[in-house]
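Chain letters run A, B, ... following the sequence lines, proteins first, then strands; residues in each count from 1. Fair warning: this is a prediction, and the values are worked out from it, not measured in the lab.
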There are 2 protein chains.
Amino acid sequence: MTAPLHEARPAAPGRALPDTQQGMRRRNLARVMHTVSAEGPLSRAAVASRIGLTRAAVSTLVDELIRSGLLEELGPERPGRVGRPGSALAVSGHGPAGIGAEIGVDHLAVCAVDLRGEVRARAVRHGTNRGRAPEPVTRDLTALIRQVIAEADQQGLWPAGLAVAVPGLVARDGRTVVRAPNLDWHDTDLGALLPADLPLVVDNEANFGGLAELWLGEGTPRDFLHVSAEIGIGAAVVVDGRLLRGTRGFAGELGHVPVRPDGPGCACGGRGCLEQYAGEEAVLRAAGLSSAGDRVAVLADHAAEGDETVRRALREAGEALGIALTGAVNLLDPDCVVLGGALAGVGPWLLPSLREELARRTAGPACPVSVSELGSDGPLLGAAHSVVRGVLDDPAAVAERS
Amino acid sequence: MTAPLHEARPAAPGRALPDTQQGMRRRNLARVMHTVSAEGPLSRAAVASRIGLTRAAVSTLVDELIRSGLLEELGPERPGRVGRPGSALAVSGHGPAGIGAEIGVDHLAVCAVDLRGEVRARAVRHGTNRGRAPEPVTRDLTALIRQVIAEADQQGLWPAGLAVAVPGLVARDGRTVVRAPNLDWHDTDLGALLPADLPLVVDNEANFGGLAELWLGEGTPRDFLHVSAEIGIGAAVVVDGRLLRGTRGFAGELGHVPVRPDGPGCACGGRGCLEQYAGEEAVLRAAGLSSAGDRVAVLADHAAEGDETVRRALREAGEALGIALTGAVNLLDPDCVVLGGALAGVGPWLLPSLREELARRTAGPACPVSVSELGSDGPLLGAAHSVVRGVLDDPAAVAERS
DNA sequence: GCTATTTCGTCATGGCCGTTTACAAATTAG
DNA sequence: CTAATTTGTAAACGGCCATGACGAAATAGC
């Protein structure tokens, strides 16, 4: 295994790998895949000039990738330029696919994404998972996964791996859900409960949402903070295009950053954590809505209708977010902050006070805050794409398996 | 240039470099240097088994490094083991040296460190630089640098580069001091004021202090937060053995993390920033000491003598630090927090309240907080070592220059 | 003390891989 | 229709690491 380029998972902990010719080959195969994937149909010569190898070298790399079914020859280009036209290469729409899954509090979702980034199959199951035990939930999820894989199979796709987004903290082993308060799961090894015939990665939904933003977001920079609020408030910290996970995998716990150190006590042991002011439950309470059936959508509706109590609640949540983000921005100096998850839905009423607070507390130009365009699909897409990125990062490994 | 392994400076912003055989060779040369440097005298065979290459390959690499004067053959080992003894290799004590410099508020310091990590020459100049213009200060510093280089030269060392630690924010170009409040410098291009015949890197003293902790600290992990308080409170965020710099290079501004959002106004525009509670000036004021000549050493003395006002001031500073660090720990999930700089001197009176606050606000085991053993030399050593690491990271580049 | 064993460093050989050079193919410009 | 340009491929080349063999230098066992 060579070091992956995007590192959805951290690099091998031990010593750096030796540099041998095969490793070089693998990295160059990956470079070709990434280039073709990122910049659309490209001729061999175009790829060569982009990655700095000669046309001859790229030719042999491309041959190998075509033989493996990872690249496709689309046929001659028809350019207005002088000279022999190149033969357009594109990432294959058949072959390996990434299976992404999401365990939400109120739904399960699975999708298959091909190497081109297209969603080729999906399946959803609505219904609350709050308090359900892991076994029935994973049983349901497995059924959806089988269904999506079957559907993908009919289109000539085979599953290269499975990535699961969960609303909770995941250990760095990428399998164990350490704590998912809204599911009431603790130290649950999903590896033992999900299909064992696929490479599995489990991660926090905020992390996958952040990766989706990184990979799919229009103009998203390589250093940013992706804030995702469902019930807890999580953040994905993306540094130089890589996810910051922390030693235990718990990085990004924005919800428990102290906002008012003498504020109300929190389940985490602290006082005045952000979640007490901007968490879904807190906002619903402040807005005078019950937290039973009502959810964020309801908040947005009421706010849109001009309900002043709701608006004030959201304004105050924005202030609290602004305070917490001031700390985060001072510490991390990101390019921008992106609001995703349920927060995106109430963005219009949060943003003004959030931005104001952030600007007031910052010297110089304030860090720009925007709302994600990915909607609620972020974590699911991020999960599926993380598998796809894994294939692009080491095509040789996949070629061996196909 | 291959991508450096330690990346004191960020990797090339553009596309990843192509993988050619020369690049492979360069990386393997670097691997040999790092291995020998980190694990003391080693035979060729030992290096080979550690980096995963064959003895034959390592032999040619070592030959090249010896010819360049970067490695030395110490002669046959005398082990109790069976078999022909290897010939011990060590990093050369001659050849390239890293020149580190520190522009402190009250002093200037320069040192030369050889590839073995030994300090081979140093020079200090006491006297305040507060409010002095950049030109006279850099003139004094240049004199010290020349002196240290001359001293190093007599020992067979030549300067491979210059790294300067400054008490302020440095742009990502690694040359420009954007803001150094205690010097009253703004947008000062040190590249134009310091010797032009040496590769130059300028960085924040907290960053260099953090790198020193990473490279020199006993048992320091690869993910930690190094808090350094002189007048401002800065932090070096080290993630997976690399410094997190932020887009503009301003990451780690712990001093302006909001601790009490409605607290007193701060020069940064915010309210209740950490610096208002744990900054040197604030602590001195709370302790009832003038901030003129009195400094941290005085605080430590008074506290040691049992001055209850001083102790309370430090205790409260510790609390504020604990609150700010709770946020940082939640966001970054580091292995530990290390207190360096002037803070280290008053550690005994800060730590209890700091740790208590952090533990109280954290679910599960609290993040360990320790005091740096490097003392006030951290930034200077970190600077010099960053040059040395640069040589280890690309020995081929240095061999060409020697 | 002598021989077998183990480990080290080196050398010659071979294979892998990107580069260089050359060339045919396919297009545009004039 | 010719010249110029660009693409893709093939053959020769060179660099680099792996393999296998060998002499050198130590220990272990007799």
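Evaluation of atom-type donor-acceptor distances gives a pair under 3.5 Å for the side chain of A:R84 against the base of D:dT7. Between the side chain of B:R55 and the base of C:dG9 there is at least one donor-acceptor pair of N/O atoms closer than 3.5 Å.
The nearest heavy atom of DNA chain D to A:Q21 and to A:S87 marks one nucleotide each, and the one closer to the 5' end goes with A:S87. The residue among B:A56 and A:A56 whose nearest nucleotide of DNA chain C lies closer to the 5′ end is B:A56.
At whole-Å resolution of the value, CG in B:D63 and C1' in C:dC8 are 14 Å apart. Atom CD of A:E77 is separated from atom C1' of D:dT7 by 10 Å (rounded to the nearest Å). Taking atom CD of A:E64 as the reference point, atom P of C:dC16 lies 12 Å away to the nearest angstrom. Between B:R27 atom CZ and C:dC17 atom C1' there is a gap of 14 Å when expressed in whole angstrom units. As a whole-Å value, the separation of A:R26 CZ from C:dC16 C1' is 15 Å. As rounded to whole Å, 14 Å separates atom P of C:dC16 from atom CE of B:M24. Atom CG in B:L74 sits about 16 Å away from atom C1' in C:dG9, given to the nearest Å. As a whole-Å value, the separation of A:Q22 CD from C:dG14 C1' is 14 Å.
The phosphate of D:dC17 (OP1 or OP2) has a side-chain N or O of B:N28 nearer than 4.0 angstrom. The side chain of A:S59 contributes an N or O atom lying less than 4.0 Å from OP1 or OP2 of D:dT9.
A salt bridge does not link B:D335 to B:R222: none of the charged side-chain nitrogens sits closer than 4.0 Å to a carboxylate oxygen.
Nearest nucleotide to the B:A57 side chain, out of C:dT20, D:dA18, D:dA25: D:dA18. Which of C:dC17, D:dA25, C:dA24 sits closest to the side chain of A:R25 comes down to C:dC17. For B:R44, the listed nucleotide lying nearest its side chain is C:dG9; candidates were C:dC17, C:dG9, C:dT27. With distances taken from any side-chain atom of B:V82 to the nucleotides C:dT19, C:dA24, C:dT6, the minimum falls on C:dT6.
In this model, no donor atom of one side chain and acceptor atom of the other lie less than 3.5 Å apart for B:N28 and B:R25. In this model, no donor atom of one side chain and acceptor atom of the other lie less than 3.5 Å apart for A:S37 and A:R389.
In this structure, A:D223 contributes its side chain and A:D240 its backbone to a donor-acceptor pair below 3.5 Å. A:T35 places no side-chain N or O within 3.5 Å of a backbone atom of A:V47 that could act as its donor or acceptor partner.
Within 4.0 Å (heavy atoms only), B:A45 reaches sugar-phosphate atoms of the nucleic acid but no base atom. Nucleic acid contact for A:T54: base, since at least one base atom lies under 4.0 Å from a heavy atom of the residue.
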